[in-house]
Undergrad: 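What follows is a single structure, and I will ask about it in a moment.
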Amino acid sequence: MESPIMSLTPEDVLNALRRVMDPELGRDLVSLGMVRDVQVEDGVAKFTLRLTTPACPIRDQLLALARRAVAALPGIRDVRVKVEAEVPRGYGLPGQRDIPGVRQIIAVASGKGGVGKSTVAVHLALALAEAGARVGLLDADFYGPNVPQMLGSVGQPAVRNNRLAPIETRGLQVMSFAYLVESGRPVIWRGPLLISAIQQMLFDVDWGELDYLIVDLPPGTGDVPLSLVQLIALAGV
């Protein structure tokens, strides 16, 4: 009679994982496309658990549930799980453009200045990078571009692939108007100049491959925030 070890197949492992539910999404791991590369050999089950973000707050919970479900199969003596993350690309509306290599864009906005908006943007970017994500930070507050100062970053962007290259600092790809103008020089742009500037910051910068681009907006609901939501698809604000 064939032993239970020899009779186990990748489909058996998938069936076990179909009983593991993501507590936030209410669907099983297999139907969500989170299980990849299933193998079974000599009682050892191997598979990849692919999360939708490196910063998944229930990563350890999902991993424990998946291990337990597969370990309960008869004949399984070891479960080896590789955990990866693949941030899904955003979906835009007609007329909105993609930024090459950027999967999700998150804007940080406020109705007025001086409330800590840039602080939130910087900490959000740093936290995502610390979790393992590839993160860019665009300082689009043209009136008070203080993100470089908060990060202790100086320098001038180089040209790469006929586009500006972000400044790399603290694990982030950073672009700010402060890198491009003389320190302390006031900016009095309005309307078309601001719209042109935000377009250049988004599309004329070689961001590379990013999971998240955090955009620190100027306060209020003026030209830059309105242009941003028309130009690109935002994953959140």
Side-chain angles (χ1 to χ4, degrees), residues 22 24-25 34 36 48-63 81-92 98-110 115-142 144-161 163-180 198 200-218 224-225 228 231-237:
D22 184 308
E24 291 186 340
L25 301 177
M34 297 172 67
R36 312 283 179 90
T48 297
L49 182 64
R50 184 166 293 179
L51 306 174
T52 56
T53 173
C56 178
I58 55 173
R59 175 187 184 278
D60 293 340
Q61 181 182 354
L62 290 176
L63 180 58
V81 187
K82 180 181 179 181
V83 181
E84 296 179 346
E86 183 179 14
V87 177
R89 292 189 180 276
Y91 298 95
D98 292 328
I99 301 177
V102 178
R103 290 184 170 272
Q104 298 280 358
I105 304 170
I106 301 172
V108 180
S110 67
V115 296
K117 170 181 53 59
S118 295
T119 302
V120 170
V122 168
H123 280 79
L124 177 60
L126 289 172
L128 287 169
E130 187 176 348
R134 300 165 298 179
V135 185
L137 177 56
L138 171 56
D139 183 4
D141 187 350
F142 296 104
N146 59 357
V147 164
Q149 183 178 1
M150 296 178 70
L151 292 169
S153 171
V154 295
Q156 287 188 325
V159 176
R160 182 174 66 202
N161 300 326
R163 293 188 290 170
L164 288 176
I167 300 293
E168 297 185 26
T169 180
R170 297 178 182 263
L172 305 175
Q173 302 290 324
V174 183
M175 179 55 66
S176 171
F177 197 61
Y179 294 138
L180 305 175
I198 188 64
Q200 290 181 323
M201 288 292 203
L202 291 169
F203 304 114
D204 292 344
V205 172
D206 184 11
W207 290 106
E209 294 293 325
L210 296 181
D211 295 313
Y212 301 102
L213 175 62
I214 310 300
V215 182
D216 179 28
L217 291 171
V224 173
L228 190 75
L231 288 169
I232 56 175
L234 297 175
V237 179

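In what follows, every heavy atom counts, from backbone to side chain, and hydrogens, waters and symmetry copies are set aside.
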Undergrad: Heavy atoms only: give me the nearest Gln173-Leu210 pair and the separation to one decimal.
TA: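 So the minimum-distance heavy-atom pair works out to CG-CD2, 4.1 Å.
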Undergrad: Find the distance between CZ (Arg59) and CG (Leu51) and round it off to the nearest 0.5 Å.
TA: 7.0 Å
Undergrad: Find the distance between CD1 (Ile214) and CG (Leu124) and round it off to the nearest 0.5 Å.
TA: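 Between atom CD1 of Ile214 and atom CG of Leu124 there are 4.0 Å.
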Undergrad: Please report the closest heavy-atom contact between Gln104 and Pro88, naming both atoms and the distance.
TA: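 It is NE2-O, 2.6 Å.
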Undergrad: Out of curiosity, Leu213 CG to Met175 CE, how far, rounded to the nearest 0.5 Å?
TA: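 One gets 11.0 Å once the value is rounded to the nearest 0.5 Å.
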Undergrad: Tell me, please, which residues at least two apart from Thr53 pass side chain to side chain donor-acceptor pair (under 3.5 Å).
TA: Tyr212
Undergrad: Rounded to the nearest 0.5 Å, how far does OG1 of Thr52 lie from CG of Leu25?
TA: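 Separation between the atoms: 7.0 Å.
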Undergrad: Show every donor-acceptor pair shorter than 3.5 Å between a side-chain atom in residues 125-142 and any protein atom, with sequence neighbours excluded, or say none if there are none.
TA:
from	atom 1	to	atom 2	distance (Å)
Arg134	NE	Asp211	OD2	3.4
Arg134	NH2	Asp211	OD1	3.0
Asp139	OD1	Asp141	N	3.4
Asp139	OD2	Asn146	N	3.3
Asp139	OD2	Val147	N	3.2
Asp139	OD2	Ser176	OG	2.9
Asp141	OD1	Tyr143	N	3.4
Asp141	OD1	Gly144	N	3.2

Undergrad: Say you draw a straight line from CD of Glu24 to CG of Leu62; how long is it, rounded to the nearest 0.5 Å?
TA: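 Interatomic distance, Glu24 CD to Leu62 CG, rounded to 0.5 Å: 8.0 Å.
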Undergrad: Can you name the nearest heavy-atom pair linking Leu202 to Trp207, along with the distance?
TA: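 Here Leu202 and Trp207 meet closest at O-NE1, 3.3 Å.
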Undergrad: Are Asp22 and Ile58 packed together at the side-chain level, in the sense that at least one heavy-atom pair is separated by less than 4.5 angstrom?
TA: yes
Undergrad: Is it true that atom CD of Glu86 has more than 12 heavy atoms of other residues, nucleotides or ligands lying nearer than 6.0 Å?
TA: yes
Undergrad: How long is the gap from CD1 on Ile106 to CG on Asp216, to the nearest 0.5 Å?
TA: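 If we round to the nearest 0.5 Å, Ile106:CD1 and Asp216:CG are 13.0 Å apart.
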